[in-house]
Amino acid sequence: MSNFFETVDPTIFRSYIFWSAVLGLKMLVMSILTGMKRQAKKAFANPEDAPKGVKPVTNDPDVERIRRAHLNDLENILPFFVIAFLYLFTNPSVLVATNLFRAVAVARIVHTLVYAVFVIPQPARGLAWMVGYFSTGYMAVTTILAFL
């Protein structure tokens, strides 16, 4: 019996690794962005983080906007990691797979930019979300159908 990983095109695997690393780094940056906004707004959630005399603030709208963007990343990027990995085993076209991975990554970055960094009214955020969501959904359905 051959190794299951031998069926994965190395070019597609490299693309998956690259774009997954980009998205992992993007999620790490969200933590830093949250901390920077907390510092700038003096909106510390824990008493031990705040300077003496500053009361904890857990409802600053700017901090909460970044936290919601980060939560949205967790809801969308983590499933991408799993679904895109499984999609590798469907023998996809290099062009299609690479562009799906790229679309998800760029969509998630744009989503954060228009939601938490440079707030732009809808439909910008919704469109960015849909590109990533439906790309991941396509990979999930393709994988399910390939392994029926």
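Side-chain atoms are counted along with the backbone in the values below, which use heavy atoms only and exclude waters and symmetry mates. Positions are given from 1 along the sequence.
- When all heavy atoms of Val131 and Ala103 are compared, the pair lying nearest together is CG1-O, 3.9 Å.
- Follow the hydrophobic side-chain contacts under 4.5 Å out from Phe85 and you reach Leu74 in the same cluster.
- Nearest heavy atom pair, residue Ala116 against residue Ala69, reads CB-CB, 3.9 Å.
- Not one N or O on the side chain of Ser135 forms a donor-acceptor pair closer than 3.5 Å with the backbone of Gly132.
- Looking at residues two or more places apart in sequence or on another chain, you find no side chain to side chain donor-acceptor pair (under 3.5 Å) involving Arg14.
- Trp129 and Tyr133 have parallel rings, their planes meeting at less than 30° on a 0 to 90° scale where 60° marks the start of perpendicular.
- Partners of Asn46 by side chain to side chain donor-acceptor pair (under 3.5 Å), not counting sequence neighbours, listed by chain and number: Asp49.
- Chaining together hydrophobic side chains whose heavy atoms lie under 4.5 Å apart places Val106 alongside Val110, Val114, Ile120.
- Both Phe89 and Met139 belong to a common hydrophobic cluster when Ile, Leu, Val, Met, Phe, Trp and Tyr are linked at side-chain heavy-atom distances under 4.5 angstrom.
- For the side chain to side chain donor-acceptor pair (under 3.5 Å) test, no residue two or more places apart in sequence or in another chain qualifies with Arg65.
- Taken together through direct or relayed side-chain contacts under 4.5 Å among Ile, Leu, Val, Met, Phe, Trp and Tyr, Leu28 and Val22 form parts of separate hydrophobic clusters.
- Under the 3.5 Å distance criterion, the side-chain polar atoms of Asn76 are matched with a main-chain donor or acceptor of Asn72.
- The two residues Gln122 and Gly126 have their closest heavy-atom pair at OE1-N, 2.9 Å.
- Partners of Lys42 under the salt bridge (Lys or Arg N to Asp or Glu O under 4.0 Å) rule, at least two apart in sequence or in another chain, do not exist in this structure.
- Among residue pairs with one or both ends in residues 17-74, none qualify as ring-ring contact (aromatic ring centres under 6.0 Å, His included); sequence neighbours excluded.
- Follow the hydrophobic side-chain contacts under 4.5 Å out from Phe81 and you reach Phe13 in the same cluster.
- Contact of the Leu78 side chain with the Met27 side chain is registered, since non-hydrogen atoms from C-beta on lie closer than 4.5 Å.
- Linking ILVMFWY side-chain heavy atoms closer than 4.5 Å, directly or via other members, places Val104 and Val96 in a single hydrophobic cluster.
- Below 30°, between 30° and 60°, or above 60°: for Phe101 and Tyr16 the angle between ring planes is above 60°, a perpendicular geometry.
- Here the closest heavy-atom approach between residue Ile66 and residue Met30 is recorded as O-CE, 3.7 Å.
- Under the side-chain contact (heavy atoms from CB on, under 4.5 Å) criterion, Ile32 pairs with Met36, not counting sequence neighbours.
- Residues satisfying the side-chain contact (heavy atoms from CB on, under 4.5 Å) test with Val94, not counting sequence neighbours, are Asp9, Thr11, Ile12, Thr98.
- Arg38 contributes atom CZ, which lies 7.0 Å from atom OG1 of Thr34 (distance to the nearest 0.5 angstrom).
- Every residue two or more places apart in sequence or in another chain that forms a side-chain contact (heavy atoms from CB on, under 4.5 Å) with Leu113 is listed here: Ile109, Val117, Phe118.
- Listed by chain and residue number, Lys26, Arg108 satisfy the salt bridge (Lys or Arg N to Asp or Glu O under 4.0 Å) test with Asp73 (two or more places apart in sequence, or in another chain).
- Residues Ala43 and Val63 share a closest heavy-atom pair of CB-CG2, 4.1 Å.
- Distance check, rounded to the nearest 0.5 Å: CD1 of Ile83 to OH of Tyr138 gives 14.0 Å.
- The minimum heavy-atom distance linking Val8 with Leu88 is given by the pair CG2-O, 3.9 Å.
- Remark: Phe80 engages no residue in a ring-ring contact (aromatic ring centres under 6.0 Å, His included) (not counting sequence neighbours).
- Looking at residues two or more places apart in sequence or on another chain, you find a salt bridge (Lys or Arg N to Asp or Glu O under 4.0 Å) between Arg67 and Glu64.
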